[in-house]
Amino acid sequence: MTETPSRSNGFRWPRTGLPFRLLLVGVVLALVIVSGLIFLLYEETRGPGEILRQFARAVDAGDCSGSYDLLDQSVHRRLSEESWCELLPEVDEGIDADFRLEQAVLQGDRAVVHISGTGSQTWTLRRFGERSWRVEGSPDLDLRAPGS
C-alpha cells in the first residue's frame, strides 16, 4: 500500500479523492438545476404589465404578427390579422414602450392596467393560461375592423 507523502515535520496531506470530487460535482449540478428552474419559471410567468410592455414594443417596432399574437381571442374574433396591420399605426399613437406602470388592478380573469407617459392611459388584459395575459384593448382605441 502506498503511503501519503509526509513533510519533514510529520504532517501528512489528507487524501482527497473521489468524495471531494463527488461533492464538487454535486454542488455544481445543484446550482445548474436551481438556476434552470428559476429561469423557466421567470420565462413562463408574466404579469399584465410585462405583457403590455412586450405588446407596446411589438407595436413600436411595427411587428404586426408579434403584436397580433399578444391580443386576446376576443379581439381575434373581431379583427383579422390583416385588419390589425391596417390599425397598427393608430394603435402605435396610443401606446409607447417607455410607459410608466402606475397600477394594475386584478379583477378575476381580467387586469386593468393604468399607465402614464403614453396616449391611452388604461388597458385591459385577460388571463391567458395559468401564468400569462393577452391584451383586450383600451377604451381610448377602437379595436374593430376598419370600415365596420
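Every value quoted in this text rests on a predicted model; they were computed, and no experiment measured them.
The shortest distance between side-chain heavy atoms of V112 and Q107 falls below 4.5 Å. By the 4.5 Å heavy-atom criterion applied to side chains, R78 and V75 are counted as neighbours. Under the 4.5 Å side-chain criterion, counting only non-hydrogen atoms from C-beta, L70 is not in contact with F128. Considering only heavy atoms from C-beta on, W84 comes within 4.5 Å of Y68 through its side chain. Counting heavy atoms from C-beta outward, I51 and S132 have side chains that approach closer than 4.5 Å. Counting heavy atoms from C-beta on, the side chains of I33 and L29 come closer than 4.5 Å. By the 4.5 Å heavy-atom criterion applied to side chains, L52 and V135 are counted as neighbours. Side-chain contact check for D63 versus L88: every heavy-atom pair is 4.5 Å or farther apart.
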Exercise for the section: Decide side chain to side chain contact (heavy atoms under 4.5 Å, CB included) for L71 and H76; before the verdict, give the C-alpha distance in whole Å, the side-chain angles of both, and the deciding distance to 0.1 Å. Expected result: CA-CA 7 Å; L71 291 172; H76 287 191; 3.7 Å; yes
Practice task
Check the pair E136 / R110 against side chain to side chain contact (heavy atoms under 4.5 Å, CB included), numbers first and verdict last.
Solution key: CA-CA 9 Å; E136 275 190 323; R110 282 206 165 93; 2.8 Å; yes
Practice task
Would you check, one step at a time, whether the test side chain to side chain contact (heavy atoms under 4.5 Å, CB included) holds for R127 with W133?
Solution key: CA-CA 4 Å; R127 188 175 302 278; W133 300 84; 3.7 Å; yes
Handout entry: Test log, rule salt bridge (Lys or Arg N to Asp or Glu O under 4.0 Å), inputs D72 and R134
Key = CA-CA 5 Å; D72 185 59; R134 291 296 179 258; over 6 Å; no
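Expressed to the nearest 0.5 Å, how far CD of E86 lies from CD of E82 amounts to 8.5 Å. Note: E102 CD to T122 OG1 = 10.5 Å, rounded to the nearest 0.5 Å. Here the CG atom belonging to L87 is positioned 5.5 Å from the CG atom belonging to L79, to the nearest 0.5 angstrom. Annotation: the span from R53 atom CZ to E50 atom CD amounts to 9.5 Å, rounded to 0.5 Å.
Minimum heavy-atom separation, L125 to P48: CD2-O, 3.6 Å. Among all heavy-atom pairs drawn from S65 and E81, the shortest one is CB-OE2, 3.0 Å. Nearest heavy-atom pair, G66 versus A58, reported as atom, atom and distance to 0.1 Å: C-CB, 4.2 Å. When all heavy atoms of F99 and G49 are compared, the pair lying nearest together is CZ-O, 4.1 Å.
Of the possible polar contacts, none joining the R100 side chain to the G117 backbone as a donor-acceptor pair under 3.5 Å is found. The backbone N or O of C64 lies less than 3.5 Å from a partner atom in the side chain of S67, making a donor-acceptor pair.
L106 and L101 fall within a single hydrophobic cluster, where Ile, Leu, Val, Met, Phe, Trp and Tyr side chains are chained together by heavy-atom contacts under 4.5 Å.
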